[in-house]
Chemist: 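First the structure, which I've put down as structure tokens, then a few questions once you've had a look.
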Amino acid sequence: MLTKALDYVKKGDRQRSNHSVFDGVYSFSGSVIEQHRRVLDALEGSGDDYEGPPRKELEKVLGGGISDLVKTLGDWDLIAWCNYLRVVVKKKPSITLASPRIDLKGVTVNVTAGAELWAKYPWWNCYNWCFKWEKVIKCDRIAAITVSLDVAAEAHADVSARGPLVAVQAAFDRLRLDYPILDKIPLERIANAALANQLAYVFDASQLVASVPVLGSKFKVDSVSLPSSSNSISVGVNIKQI
């Protein structure tokens with residue numbers, strides 16, 4: 001990422017947003033290099049009063065520049081996380097409850113997500129008129145970006161019986177970014193791979209046994225069936241005496 005940030009600035013394309021991730025990374029890296037230059041200046045001007053990193057360590061960081069900070073800086077790390085997520089339904093979908101399949105059509109949503117990039121890194125702090133330098137570990141946000149996308153989708157859910165349980169398995173028939181050209185990319189393949197074997201259990205027929213009003217008898221669920229229905233989810237429960 002440091003190399004990409006350096007190439008981005010060298011190209012001189014300043015028409016992009018000032019909040020570019022590369023801008024943030026480049027600015028952060030430059031501040032680290034600048035601080036090492038200050039420490040080296042203090043070393044050369046403080047004489048015997050200087051306490052801090054040796055000249056060789058400072059010159060190694062300065063000589064490697066931004067592109068080599070990963071190698072020369074030492075104990076540091078980059079952490080990225082999503083700090084904001086909003087989903088807005090732009091078009092009311094059409095949903096049909098049915099058994100054994102539920103269809104959801106005409107879904108258009110706007111997804112806005114924000115992400116931050118934080119750096120944990122060593123930093124030389126100045127003390128005693130900058131004659132003494134002490135290493136500390138800092139953690140700062142160095143970049144932030146917000147992305148907003150329109151997504152169009154059609155999906156369905158298969159309803160199935162698993163013992164006394166009724167399970168629903170969701171799948172996308174179509175999932176596309178709602179833009180020219182990009183809407184040709186079949187994102188539903190990726191989404192369905194992630195949803196594979198992700199079942200939601202919506203009904204437990206075993207809980208019905210206690211409501212059977214027969215004195216002196218015990219019953220259990222023998223099987224669950226899902227009769228076909230075009231306007232509802234129908235569940236048939238067969239019980240037997242034990």
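We count residues from 1, following the sequence as given. When reading the values below, keep in mind they use all heavy atoms of this one structure, side chains included, and skip hydrogens, waters and symmetry mates.
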Chemist: Can you list the steps and then say if Glu188 with Arg176 is a side-chain contact (heavy atoms from CB on, under 4.5 Å)?
Modeler: CA-CA 7 Å; Glu188 59 270 15; Arg176 308 294 171 91; 2.8 Å; yes
Chemist: With a 4.5 Å limit on heavy-atom distance, are the side chains of Glu44 and Asp41 in contact?
Modeler: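 Side-chain contact under 4.5 Å: yes.
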Chemist: For atom NZ of Lys138, decide whether the heavy atoms of other residues, nucleotides or ligands shown that lie under 6.0 angstrom number more than 12.
Modeler: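 It does: Lys138 NZ has more than 12 such atoms within range.
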Chemist: Using 30° and 60° as the class boundaries, would you call the ring planes of Tyr121 and Phe28 parallel, tilted or perpendicular?
Modeler: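 Perpendicular: the ring planes of Tyr121 and Phe28 meet at over 60°.
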Chemist: Quick one, Val25 and Ile66 - any side-chain contact, counting heavy atoms below 4.5 Å?
Modeler: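 No, too far: nothing below the 4.5 Å cut-off.
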Chemist: Are Ile185 and Leu175 in one and the same hydrophobic cluster, where Ile, Leu, Val, Met, Phe, Trp and Tyr link if side-chain heavy atoms are under 4.5 Å apart?
Modeler: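 Same cluster.
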Chemist: Which pair of heavy atoms, one from Cys82 and one from Leu85, lies closest together, and at what distance?
Modeler: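 Heavy atoms of Cys82 and Leu85 come nearest at SG-CB, 4.5 Å.
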Chemist: Under a single-linkage definition using a 4.5 Å side-chain heavy-atom cutoff for Ile, Leu, Val, Met, Phe, Trp and Tyr, are Ile102 and Tyr201 assigned to the same hydrophobic cluster?
Modeler: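 No: no chain of side-chain contacts under 4.5 Å links Ile102 to Tyr201.
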Chemist: Can you give me the closest heavy-atom contact between Tyr50 and Ser46, atom names plus distance?
Modeler: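 Closest approach of Tyr50 to Ser46: CB-CB, 3.8 Å.
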Chemist: Let me check something: do Tyr179 and Val107 share a hydrophobic cluster, defined by ILVMFWY side-chain heavy atoms less than 4.5 Å apart, either directly or through other members?
Modeler: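 Tyr179 and Val107: one cluster.
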Chemist: Any side-chain heavy atom of Leu43 sitting closer than 4.5 Å to one from Trp133?
Modeler: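 No, too far: nothing below the 4.5 Å cut-off.
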Chemist: Report the C-alpha separation of Leu177 and Leu149 in whole Å, then their side-chain angles, then the decisive distance to 0.1 Å, and conclude whether the side-chain contact (heavy atoms from CB on, under 4.5 Å) test is met.
Modeler: CA-CA 7 Å; Leu177 297 177; Leu149 295 173; 4.1 Å; yes
Chemist: Working to the nearest 0.5 Å, report the span between NE2 of His36 and CG of Leu69.
Modeler: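 Reported value, rounded in 0.5 Å steps: 8.0 Å.
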Chemist: From Ile137 CD1 over to Lys120 NZ, what is the distance, rounded to the nearest 0.5 angstrom?
Modeler: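 That separation rounds to 6.0 Å.
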Chemist: What's the separation between atom CD in Glu134 and atom CH2 in Trp124, rounded to the nearest 0.5 Å?
Modeler: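 Nearest 0.5 Å value for the CD-CH2 distance: 8.5 Å.
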Chemist: Is Glu116 close to Trp81 at the side-chain level, that is, under 4.5 Å between some pair of heavy atoms?
Modeler: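 The answer is yes, as the side chains (C-beta and beyond) meet within the 4.5 Å cut-off.
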Chemist: As a quick check of understanding, evaluate side-chain contact (heavy atoms from CB on, under 4.5 Å) for Gln35 and Arg38, giving each step before the final call.
Modeler: CA-CA 5 Å; Gln35 185 70 351; Arg38 291 172 180 166; 3.2 Å; yes
Chemist: Can Asn110 and Thr112 be counted as having a side-chain donor-acceptor contact under 3.5 angstrom?
Modeler: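 A donor-acceptor contact under 3.5 Å links the two side chains.
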Chemist: Nearest 0.5 Å, what's the CZ-CG distance between Phe172 and Leu187?
Modeler: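 Atom-to-atom, Phe172:CZ and Leu187:CG are 10.0 Å apart.
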Chemist: Quick check against the 3.5 Å criterion: does Asn192 have a side-chain atom that pairs as donor or acceptor with the backbone of Ala171?
Modeler: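 Not confirmed, Asn192 side chain does not pair with Ala171 backbone.
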Chemist: How long is the straight-line distance from CG of Asp68 back to NZ of Lys60, given to the nearest 0.5 Å?
Modeler: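 Answer rounded to 0.5 Å: 10.0 Å.
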Chemist: Looking at every heavy atom in both Leu58 and Pro53, which two are closest together, and how far apart are they?
Modeler: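 Scanning both residues, the minimum pair turns out to be CD2-CG, 3.7 Å.
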Chemist: Indicate if Tyr26 and Leu73 have the same hydrophobic cluster label, given that clusters are the connected sets of ILVMFWY residues with side-chain heavy-atom separations under 4.5 angstrom.
Modeler: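 Yes, same cluster.
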Chemist: When rounded to the nearest 0.5 angstrom, what is the spacing between CD in Glu34 and OG in Ser29?
Modeler: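 Rounded to the nearest 0.5 Å, the CD-OG separation comes out at 12.5 Å.
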Chemist: Taking a hydrophobic cluster as the set of Ile, Leu, Val, Met, Phe, Trp and Tyr residues connected by side-chain heavy atoms closer than 4.5 Å, whether directly or through intermediates, do Ile190 and Val109 fall within one such cluster?
Modeler: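 In one cluster: yes.
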Chemist: Within a strict 4.5 Å, meaning less than it, do heavy atoms of the Leu40 and Arg55 side chains meet?
Modeler: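 Result yes, sub-4.5 Å side-chain heavy-atom pair found.
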Chemist: Take Val111 and Val147 through the test side-chain contact (heavy atoms from CB on, under 4.5 Å) and record every step on the way to the result.
Modeler: CA-CA 8 Å; Val111 181; Val147 178; over 6 Å; no
Chemist: Among Leu78, Ile79, Ile145, find the residue that satisfies the side-chain contact (heavy atoms from CB on, under 4.5 Å) test when tested with Leu117.
Modeler: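 Going through the options one by one, the only one that passes is Leu78.
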